[in-house]
Amino acid sequence: MPSFLVLAGRMRGIRDWVFGQLLSKSLASTGPLSGSGSFFSEEPVNEESDDPGAYFCSLATLAVKFVDVLLDGEMVFSVSCAGESGDMSFLAEMRIARDVCLAPHANYLLKVFRENEVFLGLGVGDGVVYSSTNQSNCLLREFICLLLFAAHMVQLESPSPTSDTSCSSNCNQETGSPQSLEHMAADSYQPNHEVEVKKADSLTMIEDLRINFFRLLLRFGQSHDNLLVAKVLHRLHLAAAIRAGESNLKRVKVDGARTVAAEQEASGTPELNFSLRILVLGKTGVGKSATINSVFDQPKALTDAFRPATEHIKEVVGSINGVKVTFIDTPGFLPSSTSNLRRNRKIMLSVRRFIRKSPPDIVLFFERLDLINMGYCDFPLLKLMTEVFGNAVWFNTILVMTHGSSTPEGPTGYPISYESYVTQCTGLMQHYINQVVSDSKLENPVVLVENNPHCKKNLMGESVLPNGQVWKSHFLLFCICTKVLGDANTLLEFEGGIELGSLITPWVPSLPHLLSSFLKHRTTPCPSESEPDVDEILLSDADEENDYDQLPPIRILTKSQFEKLTKSQKKDYLDELDYRETLYLKKQLKEESRRRRERKLSEEENFGEDSNSDPQQASPEAVLLPDMAVPPSFDSDCTIHRYRCLVTSDQWLVRPVLDPHGWDHDVGFDGVNMETAIEIRKNVHASITGQMSKDKQDFSIQSECAAAYADPRGRTYSVGLDVQSSGKGTIYTVHSNTKLKNLKQNVTECGVSLTSSGNKYYVGTKLEDTILVGKQLKFVVNAGQMRCSEQVAYGGSLEATLRGGDYPVRDDRISLSMSALSFKKEMVLGGGFQSEFRPIRGMRMAVNANLNSQNMGQVNIKISSSEHIEIALVCVFSICKAILHKKMTGNKSREVLEMR
Ligand SMILES: Nc1nc2c(ncn2[C@@H]2O[C@H](COP(=O)(O)OP(=O)(O)OP(=O)(O)O)[C@@H](O)[C@H]2O)c(=O)[nH]1
Ligand SMILES: [Mg+2]
């Protein structure tokens with residue numbers, strides 16, 4: 001396997017050298033290529049240095065792997081790279097089709113992942129145009145550069161093993177002798193007696209693991225998934241860095257493992273200390289035993305095309321390239337049905353007993369690729385496996401799809417592309433596994449296998465899948481990588497290490513999150529208490545002169561009459577209409593408030609006499625609710641017409657909930673939504689709102705129930721229970737609130753809450769005060785704490801709201817808020833701004849912005865208008881401008897790069 005190695009102290013050095021190479025060599029085709037290289041620093045470079053490349057190189061360790069993939073005669077060249085710099089870590093992947101790669105002004109598409117961000121780079125010729133979410137990040141720019149040049153470099157290297165030395169000699173000219181550096185690197189790996197013995201031990205062990213990994217890569221020849229190798233190297237590097245701690249970080253960065261591995265492989269000493277123990281699981285007949293035979297290239301396990309062949313658990317041991325491989329062949333499970341449940345459980349329990357003594361390194365779960373699209377119905381089997389082995393069984397599992405060369409057929413009967421078929425099938429399997437462990441982020445590696453002896457072969461006689469992949473080496477590489485990563489985990493003794501049989505810890509809500517939602521103001525179910533100040537404002541307005549009834553009559557103009565008015569007349573006319581509308585709405589609100597008051601008084605008088613005599617209690621008329629969203633697929637069996645909703649009483653509102661992601665031919669109504677607000681007794685109100693959904697696998701509920709008693713002196717007491725599903729568990733919250741109206745302009749509230757999630761209990765207390773200054777100004781101050789066993793989170797907020805003059809008819813307001821949350825000696829301060837107003841007639845605007853001391857925040861601007869199309873144009877304009885701006889800065893950076 002040709003490989004190259006570049007050692008450079010300064011990034012600029014590498015780049016200049018690569019430029020030299022590019023100029024001196026022609027871009028001729030060099031046949032199949034593959035290589036790997038590492039970039040490391042020769043000497044620590046000053047962090048303050050203004051050369052970003054130098055800074056980058058001094059901090060970063062990159063592992064680069066180049067692999068070519070033969071796809072129907074066309075070569076796709078891919079580069080993957082994992083790097084680390086300071087607190088950032090990168091993972092990059094680049095794919096270049098060979099024809100593109102050979103063009104003098106090649107284009108590359110490059111993806112760089114940094115934590116949650118994805119940077120996209122487009123390489124044109126020797127320069128780089130890149131677009132990213134963080135334009136000013138020079139480290140990243142250098143990183144992208146490096147990758148592109150590295151790609152050129154590998155392309156220029158000859159595939160012969162001498163390429164390594166030729167590159168090394170080139171490196172010699174530019175950056176000093178790699179040989180001596182290699183030795184330096186190797187020397188630096190000798191145990192340092194000054195560091196703690198324990199630390200040194202685990203460091204050496206990780207280093208041994210890395211050497212082993214390089215030796216395995218050499219032994220098993222070219223790997224086809226370069227990204228995987230880069231990932232493993234990156235993780236091993238991180239593992240070493242974590243173990244070494246800050247003080248020893250430099251020691252870890254210099255990578256001599258590869259040379260040591262090459263030397264050891266050449267001399268054959270010491271013997272490679274590595275073995276694989278693989279457990280195979282899956283239904284009967286999927287090809288577990290056949291795969292074992294294919295991997296060993298000899299019939300070591302019994303197979304049968306017509307009946308279950310493996311009846312007992314059996315270890316099949318063999319050696320591949322000098323590595324001991326032990327398969328634990330197990331009897332296949334029967335298709336899931338109630339009658340087979342006991343038998344399947346028995347097999348699983350016997351497997352669990354078997355592996356207890358010596359657990360496997362890797363679990364392979366088998367399925368047939370050709371049968372998956374016929375409708376996957378083995379979810380109960382996956383559930384049973386999880387029940388017996390625990391969630392952790394899936395964390396180290398590789399999905400193996402046998403019959404990997406089956407020609408796929410789409411649902412319409414026409415063949416579909418192999419890649420999309422495989423993606424579809426593995427996606428389906430992954431979906432079910434995610435469901436069974438309740439973790440949507442879990443991603444199991446997938447390996448395709450073809451055990452048919454007549455399967456297509458390459459020139460070397462190796463079985464090749466329809467996508468050109470030699471499955472066996474791919475299969476072994478996956479197993480090796482999984483084992484190496486598992487070993488690294490064990491060495492580091494990471495908390496929550498994976499053990500078969502242990503269950504995943506349920507999601508635990510965070511204290512600051514619970515506190516901030518507890519501090520939010522809740523409305524009580526008493527209708528009159530929801531906005532206590534509204535009635536007073538309306539009553540105080542009662543004597544005002546500008547009443548709607550006192551207005552002189554107005555003639556409403558027709559459209560043509562209106563058009564004839566001058567501009568100022570039009571404005572006056574519309575202003576007048578606005579004014580009248582406000583007064584009219586105010587009048588209505590006042591009347592409503594008066595009615596409420598009267599009813600309350602009459603109820604007080606009639607109380608105890610005859611509660612049913614109220615004429616308002618007469619049965620209300622049925623009202624048709626607006627039509628609901630219908631399932632997206634049109635189907636003659638669709639029973640949508642059965643689900644028209646009628647509201648027949650004021651008290652209960654029950655509606656079905658549509659799941660838009662349902663299956664075809666599925667009605668899609670898996671949930672029900674319910675709302676009610678009732679007066680149980682005089683002054684005692686209750687409200688229930690909730691939504692429940694249930695399908696074959698999941699049940700989720702979200703509900704809030706509350707009851708409140710409002711005493712005539714203005715005090716309100718309320719209790720409530722909230723129930724919410726989270727993953728497999730349910731969170732219950734009991735809360736209680738007392739509201740005291742001690743002064744006309746002041747309302748004080750205090751609340752307590754008890755939340756239970758899993759076996760943890762969270763107790764919260766809060767105090768809130770609302771002060772009204774005049775009709776328009778309102779201040780709300782609150783403070784509270786949330787406690788769980790030993791931990792406490794404290795928080796509080798202050799909010800000032802200025803309402804518009806027409807409140808409560810029009811809800812124009814501006815509010816400013818400040819909040820503080822303190823947890824584990826860390827304090828987060830936040831500020832917010834909210835405003836809702838009408839900038840011009842016919843338009844409403846809501847602005848919402850917040851920012852906290854951790855520099856996280858958001859800005860929302862919502863404009864709604866039915867008249868002003870120009871707003872949409874402004875949006876289109878700003879989007880175009882943003883794109884142009886991005887492009888221009890991209891071009892500029894390209895120029896800068898070219899100038900360098
Ligand atoms: N065409 C094709 N046939 C396969 C493949 N894998 C397995 N088979 C055939 O499927 C049949 C069953 O394979 P086995 O290896 O016995 O299946 P198993 O999973 O070990 O079954 P149990 O031992 O009962 O659990 C055999 O005839 C194999 O030759 C494959 O990838 N392609
Ligand atoms: Mg078998």
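Numbering of ligands and ligand atoms starts at 1, following listing order.
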Any idea which protein heavy atom is nearest [atom], and the distance to it?
atom: atom 24 (O) of ligand 1; value: T284 OG1, 2.5 Å
atom: atom 15 (O) of ligand 1; value: A290 N, 2.8 Å
atom: atom 2 (C) of ligand 1; value: H403 CE1, 3.3 Å

Next on the checklist: Does the Lys NZ or Arg CZ of K472 fall within the cation-pi geometry relative to F475 - under 6.0 Å from the ring centre and within 45° of the axis?
Outcome noted: no
Next on the checklist: Quick check on the Mg ion (ligand 2): does T330 put an N/O/S atom closer than 2.8 Å to it?
Outcome noted: no
Checklist entry - Does T284 bring an N, O or S atom to within less than 2.8 Å of the Mg ion (ligand 2)? => result no
Next on the checklist: Is it true that, when you exclude E311 itself, more than 12 heavy atoms of the residues, nucleotides or ligands shown sit nearer than 6.0 Å to its CD?
Outcome noted: no
Would one find an N or O of [X], backbone or side chain, under 3.5 Å from an N or O of ligand 1?
X: G285; result: yes
X: G404; result: no
X: T303; result: no

Next on the checklist: Please classify the K283 to ligand 1 contact at 4.0 Å (heavy-atom distances, strictly less than): side chain, backbone, both or neither.
Outcome noted: backbone
Next on the checklist: Quick test of your reading of the model: are R219 and E265 salt-bridged, counting only N-O distances below 4.0 Å?
Outcome noted: yes
